[in-house]
A.B. asks: 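Structure provided below as structure tokens; questions to follow.
Everything numeric in this text was worked out from a predicted model, so none of it was measured. Side chains are part of it too, since the values below use all heavy atoms of this structure and drop only hydrogens, waters and symmetry mates.
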Amino acid sequence: MAIIDELRTPLYFAAGTADLAVQQAKKVPGLIEQIAAEAPARIEAVRNTDPKVVQEKVTAQAKEAQATVQSKFADVVGGLDTDLKKLGETAQDLALRGVGVAAEYAVKAREKYEEVAAHGEEAVKAWRGEVAEEIVEIAVVVEPEESKAEEAKAGEPVEASAEPAEAKKAPARKTTARKTPAKKAAVAAEKE
């Protein structure tokens with residue numbers, strides 16, 4: 001049974017992914033309407049912006065970023081320990097941290113995979129429920145007399161007895177295929 005569950009999980013994951021994609025796709029028309037409503041105001045704001053002001057802001061931000069990078073670089077270069085042993089320990093520590101982070105991400109990815117697979121399983125159950133309801137509705141339309149007869153039987157009182165329900169049932173008959181005389185003769189001829 002575990003093998004079947006292992007085979008179903010990727011399929012449930014695919015179903016969950018498809019269901020989530022459909023849910024997100026349903027949001028697209030609302031986003032398009034929102035962007036269409038905001039677009040004229042944003043375009044007007046861009047038209048009214050002075051290019052020289054924008055250039056001055058970008059230049060100031062670039063100078064700040066350059067100063068920050070230079071100070072950080074100076075701190076890093078000044079803080080480097082020339083001791084090779086300490087550098088080796090630091091490299092080993094970074095490698096172990098990297099392995100730990102990779103393992104953490106693997107666990108998170110597995111959890112998300114299982115969440116999406118669980119969502120897919122629920123979606124499949126919902127889809128199957130809808131299909132089952134449709135089949136029942138079709139069956140009632142096609143065979144209304146039989147379903148009414150079954151409902152009438154269900155409404156009749158049940159006799160109380162000491163024997164369990166399984167004991168009341170007749171044992172199942174095993175049927176075997178009988179050979180016709182012509183086939184028997186053919187089989188006998190082949191054996192000789």
Side-chain angles (χ1 to χ4, degrees), residues 1-47 49 54 57-58 61-62 64-65 68-69 72-73 76 88-156 158 164-169 171-172 174-175:
M1 192 68 172
I3 294 173
I4 293 173
D5 289 340
E6 289 179 16
L7 294 175
R8 286 183 181 167
T9 302
L11 298 175
Y12 284 141
F13 177 78
T17 303
D19 190 51
L20 291 173
V22 168
Q23 288 176 4
Q24 294 301 319
K26 289 179 181 178
K27 296 178 183 178
V28 170
L31 292 173
I32 291 173
E33 289 175 6
Q34 180 184 1
I35 291 171
E38 294 174 358
R42 289 186 179 193
I43 291 171
E44 192 61 34
V46 170
R47 285 183 183 165
T49 304
V54 172
K57 285 183 182 179
V58 170
Q61 289 176 350
E64 288 177 20
T68 304
V69 168
K72 292 289 183 181
F73 182 74
V76 169
E89 291 173 0
T90 304
Q92 187 178 11
D93 184 46
L94 289 174
L96 290 175
R97 285 184 188 176
V99 169
V101 168
E104 182 180 340
Y105 282 132
V107 168
K108 286 182 181 179
R110 181 66 184 178
E111 289 173 356
K112 284 294 180 188
Y113 176 79
E114 289 173 356
E115 284 178 23
V116 172
H119 180 81
E121 186 174 3
E122 294 300 318
V124 168
K125 286 179 182 178
W127 296 338
R128 285 182 179 168
E130 293 173 5
V131 171
E133 291 172 5
E134 290 175 7
I135 291 172
V136 169
E137 291 173 1
I138 292 170
V140 168
V141 170
V142 173
E143 302 171 7
E145 296 158 2
E146 289 181 22
S147 64
K148 290 178 183 175
E150 289 176 6
E151 291 174 6
K153 287 181 183 177
E156 294 178 4
V158 179
E166 294 174 6
K168 290 181 181 179
K169 292 183 180 177
K174 293 184 180 179
T175 59

A.B. asks: Distance-only criterion, 3.5 Å: show the donor-acceptor pairs between side-chain atoms of residues 107-115 and protein atoms not counting sequence neighbours.
C.D. replies:
unit_1	atom_1	unit_2	atom_2	d
Lys108	NZ	Glu104	OE2	3.3
Arg110	NE	Glu114	OE2	3.1

A.B. asks: Can you name the closest pair of heavy atoms from Ala37 and Pro40 and give their distance?
C.D. replies: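 Heavy-atom minimum between the residues: O-CD, 3.6 Å.
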A.B. asks: Check side-chain contact (heavy atoms from CB on, under 4.5 Å) between Leu20 and all other residues, then give those that pass, not counting sequence neighbours.
C.D. replies: Gln23, Val116, His119
A.B. asks: Show every salt bridge (charged side-chain N to carboxylate O under 4.0 Å, His left out) that has at least one partner inside residues 16-40, sequence neighbours left out.
C.D. replies: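 Matches after skipping sequence neighbours: Glu38-Arg42.
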